Amino acid sequence: MGGWAIAVHGGAGVDPNLPPERQDEAKQILTRCLNLGISALRSSLPAIDVVELVVRELESDPFFNSGRGSALTENGTVEMEASIMDGPKRRCGAVSGITTVKNPISLARLVMDKSPHSYLAFSGAEEFAKQQGVEMLDNDYFITEDNMGMLKLAKEANTILYDYRIPITGLESCSAVAESPIVMNGLPISVYAPETVGCVVVDGQGWCAAATSTGGLMNKMTGRIGDSPLIGAGTYACDLCGVSCTGEGEAIIRGTLARDVAALMEYKDLSLQEAVDYVISKRLDEGKAGLIAVSKNGEVAYGFNTVGMFRGCATEDGFMEIGIWE
């Protein structure tokens, strides 16, 4: 065993003109969450508990696109989604269409632990949340002033808008007005900068776990489901590794990105970083995405084909890194 390891992400596709103060804020949040996970691992908390703990912290901060601060649908509401997976027996739980649950990742954990199912969505998931007594809040709690402004901008542009944190003032200097639109599922969009959150952990026993949570796309169609709650696409964990993805959900779904990392390690005997590099370069077609991963041997890896990815990682031997750009 190589000891414990942890990685967190706050999304891939960072706007290259993101103001320095927002970059600093992102790094501070990632550092806080990483330290929370490190402390839990030093206290011998199991990997599955650590990923839930860290993602709950990310969901509770409005900076990233999950929980409070989630991107808004075309109707101005939030529809959150999350998934969690425990590597040793490949147990998993996922939720979609969440509108009132403060921490969707914990509801996904309850689906895994307290229901006979792996995935609950919309009214069924909300009813299950009430039965389980989780903290629930009015939809207004999740809606920030920044996001309301970005939704207005997206509607005026008649497009899906990804970077919900691009400052409304000085927008002309941001890549939100890209000259060459990116294509999603064959349709042009003007901005690519999603900010899903995720955490992957291998604990001191060599057990891996992964968790991912998001609000989805700004101005998305009501009822749209992305990769984050889909086991094997946005999240995957097994006895070999744990993976959490972020980016263009439709491309991640088509490439079954998270599972492919594990499959390459299992069937081709690739190392963790080799597997990550392969799926980023070969499995995204024209899509844009990133991912973080850990292995049962205490390795940590990440990869992305976007301008940047909010990320942080640490290992038991004292290594720690926080980054945004290449």
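Because only heavy atoms are used, hydrogens play no part in the values below, and waters and symmetry mates are left out as well, while side chains stay in. Quantities reported herein were computed from a predicted structural model and do not represent experimental measurements.
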### Message
Can you confirm whether L30 sits close enough to F310 that some side-chain heavy atom of one is under 4.5 Å from a side-chain heavy atom of the other?
### Response
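In short, these two side chains touch, coming nearer than 4.5 Å.
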### Query
So do the side chains of Y141 and K102 get within less than 4.5 Å of each other, counting heavy atoms only?
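When only atoms from C-beta onward are counted, K102 and Y141 do touch, with a gap below 4.5 Å.
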Ionic contact status for [Y] with [X], cut-off 4.0 Å:
X    : Y    : value
R90  : D86  : no
E74  : R224 : no
D113 : R91  : yes
K89  : D239 : no
D260 : K268 : no
E248 : K288 : no

What heavy-atom pair brings [X] and [Y] nearest, and what distance separates the two atoms?
X    : Y    : answer
I143 : M148 : CG2-CG, 3.6 Å
M265 : A275 : CG-CB, 3.9 Å
G206 : K296 : O-CB, 3.6 Å
A40  : V50  : CB-CG2, 4.0 Å
A82  : E59  : CB-OE2, 4.5 Å

### Spacing of CD1 belonging to I253 relative to CG belonging to D227, to within rounding of 0.5 Å
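It is 5.5 Å, given to the nearest 0.5 Å.
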Check: [X]/[Y] side-chain N/O donor and acceptor closer than 3.5 Å:
X    : Y    : answer
R68  : S60  : no
D146 : T144 : no
S96  : E79  : no
D277 : Q273 : yes

### Message
Quick check against the 3.5 Å criterion: does N305 have a side-chain atom that pairs as donor or acceptor with the backbone of A289?
### Response
yes
### Message
Against T214, only a single residue in S83, S228, P229, S70 fulfils side-chain contact (heavy atoms from CB on, under 4.5 Å); can you say which?
### Response
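Considering S83, S228, P229, S70, a side-chain contact (heavy atoms from CB on, under 4.5 Å) with T214 is found only for S228.
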#### Entry: Worked verdict on T99 versus E126 for side-chain hydrogen bond (donor to acceptor under 3.5 Å, both in side chains)
CA-CA 8 Å; T99 60; E126 294 279 332; 3.3 Å; yes
